[in-house]
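Worksheet: one structure, shown below.
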Amino acid sequence: MRTPIIAGNWKMNKTVKEALELVKDIKKQERNSNVEAVLCVPFTDLMEVKKEIDGTDIKLGAQNMHWEDSGAYTGEISPLMLKEIDIDYVIIGHSERRQYFNETDETVNKKAKAALKYGINPIICVGETLEERESGKEKEIVERQVLKAIEGIEEKLLKNIVIAYEPIWAIGTGKTASSKDANDIISFIREIIGNKYGKDISEKIRIQYGGSVKPANINEIMNESDIDGALVGGASLKAKDFLKLINF
Ligand SMILES: O=C(CO)COP(=O)(O)O
């Protein structure tokens, strides 16, 4: 049985003060303890949010990192720095980073390996553009992204990764992939990992759906056979909505 994982990707939102208000609101309410709840917050919020969630079962994540431990990489944050804050997850290869910050399959792979080396679980994002979907290439694209991202990772570590299937055309647009379509791609991802690394591994890896997930569609999404959770943008910025997602 895979534990469902609902992760909020706050993106570039919430000052420290705003972050603490949101986390306090989330903490106040009852949460389904069978669901792993993760907050992926801006770097500047990590330390304070970490203190605020201390003693709860809420997990903490970053939204990006470099793959080197240290060096002349102005403006970057290393896995070593994140490890010291004791975060649990890091989002790698989000489509916004691929689109605006030249993230490639190769850098995604380096970052995923670096995260695992430090015991930080990578949430690896994959997904096709609208154009790719309309030309029927979504499986080809997603297969390439997934296999490249995990290439060369020690097999015993593969179970620690989470994959987020986020069709780009469904992000922040209000358009959701139908839960059947999302499940179809997610089962396909599990199948290609199974073919390459064995069923034992593919059955352990959790695969989320992301793209306009909200309280109104979470149940339908989570009812699908292969979808293990959600990576949520907009709806994770309000305590009330995020709690409804965790308590689906
Ligand atoms: O990009 C996303 C999560 O990483 C999805 O964002 P929205 O939930 O706002 O569509």
Side-chain angles (χ1 to χ4, degrees), residues 4-14 18-19 22 26 35-43 45-46 49 58-65 87-101 103 107-108 111-112 115 120-130 132-133 138 141-142 145-146 149 161-179 181-183 185-186 189 206-222 224 227-248:
I5 173 167
I6 306 280
N9 173 10
W10 289 4
K11 307 194 178 181
M12 195 173 72
N13 293 290
K14 304 291 176 192
E18 291 166 344
L22 175 55
I26 294 171
V35 173
E36 197 174 358
V38 187
L39 304 177
C40 297
V41 311
F43 290 131
D45 295 341
L46 282 171
V49 171
I58 301 172
K59 304 276 177 67
L60 184 61
Q63 299 172 11
N64 178 40
M65 56 165 222
I87 66 168
D88 307 285
Y89 290 94
V90 59
I91 299 175
I92 302 285
H94 190 279
S95 61
E96 287 148 16
R97 295 214 57 86
R98 293 183 193 250
Q99 189 180 350
Y100 308 128
F101 304 98
E103 194 85 75
T107 58
V108 169
K111 290 178 179 193
I120 303 170
N121 304 317
I123 300 178
I124 299 172
C125 301
V126 299
E128 79 286 357
T129 62
L130 185 58
E132 287 158 350
R133 156 100 19 184
E138 64 275 16
I141 298 292
V142 165
Q145 290 175 333
V146 169
I161 67 168
V162 175
I163 293 174
Y165 168 60
E166 300 201 305
I168 294 168
W169 48 271
I171 296 178
T173 57
K175 285 186 201 154
T176 342
S178 77
S179 53
D181 281 352
N183 195 56
I185 299 284
I186 287 175
I189 293 173
R206 290 178 296 173
I207 312 180
Q208 301 171 303
Y209 167 76
S212 299
V213 175
K214 43 189 180 289
N217 57 26
I218 188 73
N219 279 301
E220 191 187 329
I221 291 166
M222 294 307 292
E224 292 292 340
I227 305 182
D228 301 315
L231 184 57
V232 188
S236 72
L237 298 172
K238 287 196 186 116
K240 200 166 109 238
D241 287 349
F242 190 60
L243 283 158
K244 280 188 189 150
L245 300 180
I246 300 167
N247 298 331
F248 69 89

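Numbering of ligands and ligand atoms starts at 1, following listing order. As a basis for the values below, the full set of heavy atoms in this structure was taken, side chains included, without hydrogen atoms, waters or symmetry mates.
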*Within the side chain of Asp88, is there an N or O that forms a donor-acceptor pair under 3.5 Å with the backbone of Val38?*
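No, because the side chain of Asp88 does not come within donor-acceptor range (under 3.5 Å) of the backbone of Val38.
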Q. Listed by chain and number, what are the side-chain contact (heavy atoms from CB on, under 4.5 Å) partners of Ile141, not counting sequence neighbours?
A.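 Partners of Ile141 under the side-chain contact (heavy atoms from CB on, under 4.5 Å) test: Glu128, Glu132, Lys137, Arg144, Gln145.
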Ile189: partners by side-chain contact (heavy atoms from CB on, under 4.5 Å), with sequence neighbours left out:
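With neighbours one apart ignored, the set is Val126, Val142, Val146, Ile163, Tyr165, Ile185, Ile193, Ile207.
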Could you identify the single nearest non-hydrogen protein atom to [atom] and state the distance to 0.1 Å?
atom: atom 8 (O) of ligand 1; answer: Gly233 N, 2.9 Å
atom: atom 9 (O) of ligand 1; answer: Gly234 N, 2.9 Å
atom: atom 2 (C) of ligand 1; answer: Glu166 OE2, 3.2 Å

Looking at ligand 1, would Lys11 count as a contact under a 4.0 Å heavy-atom criterion?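 Within the 4.0 Å threshold, so yes.
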*asked:* Tell me whether Gly172 reaches ligand 1 (any heavy atom closer than 4.0 angstrom to a ligand atom).
replied: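 Yes; Gly172 lies near enough to ligand 1 that a heavy-atom distance drops under 4.0 Å.
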Side-chain contact test, heavy atoms from C-beta onward, threshold under 4.5 Å: evaluate it for Cys125 versus Ile91 and give yes or no.
->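 Heavy-atom side-chain distance check passes, below 4.5 Å.
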| query | What about Ser212: any of its N or O atoms under 3.5 Å from an N or O on ligand 1? | reply |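 Yes: some nitrogen or oxygen of Ser212 is under 3.5 Å from one in ligand 1.
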Practice task
Going by the side-chain contact (heavy atoms from CB on, under 4.5 Å) test, name the single residue among Val90, Val162, Ile161 that passes it with Ile124.
Solution key: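 Option passing the side-chain contact (heavy atoms from CB on, under 4.5 Å) with Ile124: Ile161.
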Q. Out of Leu231, Ile186, Asp228, Val213, which one pairs with Gln208 under the side-chain contact (heavy atoms from CB on, under 4.5 Å) rule?
A.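 Only one of Leu231, Ile186, Asp228, Val213 forms a side-chain contact (heavy atoms from CB on, under 4.5 Å) with Gln208, namely Leu231.
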Legend entry - Close-contact set for ligand 1 against Asn9 heavy atoms, below 4.0 Å: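 Matching atoms, with element in brackets: 3 (C), 4 (O).
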Quiz item: Is it the side chain (CB and beyond), the backbone, both or neither of Ile171 that lies under 4.0 Å from ligand 1, heavy atoms counted?
Solution: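 Both of them.
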